[in-house]
Amino acid sequence: MADLRRAAAQWLDGLRRGGVTHLPKRPATLAAAGAAQTQPSVESEESVKARKAESAPEDRAAALAALAAEVARCRRCDELVRNRTQTVFGVGNPHAELVFVGEAPGADEDLRGEPFVGAAGQLLNKIIAACGLKREEVYILNILRCRPPNNRTPLPDEAERCRPFLLGQLNIIRPKFICCLGACAAQNLLQTVETIGRLRGRFFEFHGAQVVCTYHPAYLLRNPSAKRHTWDDMQMLLRAMGREIPKTG
Ligand code: URA
Ligand code: URA
């Protein structure tokens, strides 16, 4: 019994490290195990479909958890490994329609192990709320999973070494929309050197997702007059998502 409890705790911990904040009411593996014991060997097509649909959320959560465990062991960037408290994988809904991409963890994120929990994160939360969305329904990650010393901008080599993890997460979540926050996110995701001023205000395509680029919340904290541009970008995004645009922005 203690073993079982420990195994369950480890499994949940893995999911948490994978950024999973919610589980389906009936865990699919348990549902499937129950079905195997109590049902005849021929399962109806509907039942198979329902079981598959039910198991999908958990599969993504498990895939993210496995990738997060790999990220936690990553030692590709000497300087970052030496300076980090922990890796910062990502957080949110494995089935998110919208993923926000930031730059790299800062001091707060390095301590908490979660992206966008500091001052910039508070503003991002306000932006998400102004869009009529909840932080739990989107997914949030960064170009880098380790904090650069003194919050310096990620080096191109570091972004390159972390890219398989970024693409891995996006490939599991398969969002319809991606919002790049700031030049670092936009340039690294889209592999361009265009300025954020030129990248914002239009859509790009990335692996089947529509990408919007806007200013980084930390930039908006220093330049509040640019907030109206970010609100324009978010409205453009919400229209494409078929969402109502809340009155106050
Ligand atoms: N800034 C970022 O780009 N990412 C974070 O996670 C926090 C601040
Ligand atoms: N420069 C950046 O790197 N990001 C912004 O959001 C704005 C200017």
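Note that ligands are numbered from 1 as they come in the structure, with each ligand's atoms numbered from 1 the same way. Each residue takes its place number in the sequence, starting with 1.
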(request) Distance to 0.1 Å, residue and atom name: give those for the protein heavy atom nearest to atom 1 (N) of ligand 1. (result) His216 NE2, 3.3 Å

(request) May I ask you to test the Leu64-Ile173 pair for a side-chain heavy-atom distance under 4.5 Å? (result) yes

(message) Just to confirm my output: which protein heavy-atom neighbour is closest to atom 4 (N) of ligand 1, and how far is it?
(response) Asn142 OD1, 2.8 Å

(request) List the steps and the verdict of side chain to side chain contact (heavy atoms under 4.5 Å, CB included) for Asn125 and Phe116. (result) CA-CA 9 Å; Asn125 289 347; Phe116 282 102; over 6 Å; no

(message) Looking at Arg243 and Glu137, is there a salt bridge between them, counting it only when a charged N and a carboxylate O are closer than 4.0 Å?
(response) yes

(request) Calculate, to the nearest 0.5 Å, the distance between atoms CZ and SG belonging to Arg75 and Cys146 respectively. (result) 10.0 Å

(message) Atom CZ of residue position Arg174 - does it have more than 12 heavy atoms of other residues, nucleotides or ligands inside 6.0 Å?
(response) no

(request) State the atoms of ligand 1, each with its element, that fall below the 4.0 Å cut-off from a heavy-atom position in Gly102. (result) 3 (O)

(message) I need the nearest protein heavy-atom contact for atom 8 (C) of ligand 1: residue, atom name and distance, please.
(response) Phe116 CE2, 3.8 Å

(request) Out of Glu103, Glu109, Glu114, indicate the one that has the non-hydrogen atom closest to atom 7 (C) of ligand 1. (result) Glu109

(request) Could you pull out, from Ala104, Gly121, Gly118, Ala120, the option with a heavy atom nearest to atom 2 (C) of ligand 1? (result) Ala104

Can you list, pair by pair, the side-chain donor-acceptor contacts under 3.5 Å of residues 180-197, counting residues two or more places apart and other chains?
unit_1: Gln187; atom_1: NE2; unit_2: Glu194; atom_2: O; d: 2.8
unit_1: Asn188; atom_1: ND2; unit_2: Cys184; atom_2: O; d: 2.9
unit_1: Gln191; atom_1: NE2; unit_2: Asn188; atom_2: O; d: 2.9
unit_1: Thr192; atom_1: OG1; unit_2: Glu194; atom_2: N; d: 3.1
unit_1: Glu194; atom_1: OE1; unit_2: Arg198; atom_2: NE; d: 3.0
unit_1: Thr195; atom_1: OG1; unit_2: Arg198; atom_2: N; d: 3.4

(request) Give the numbers and elements of all ligand 1 atoms closer than 4.0 Å to a heavy atom of Pro115. (result) 6 (O)

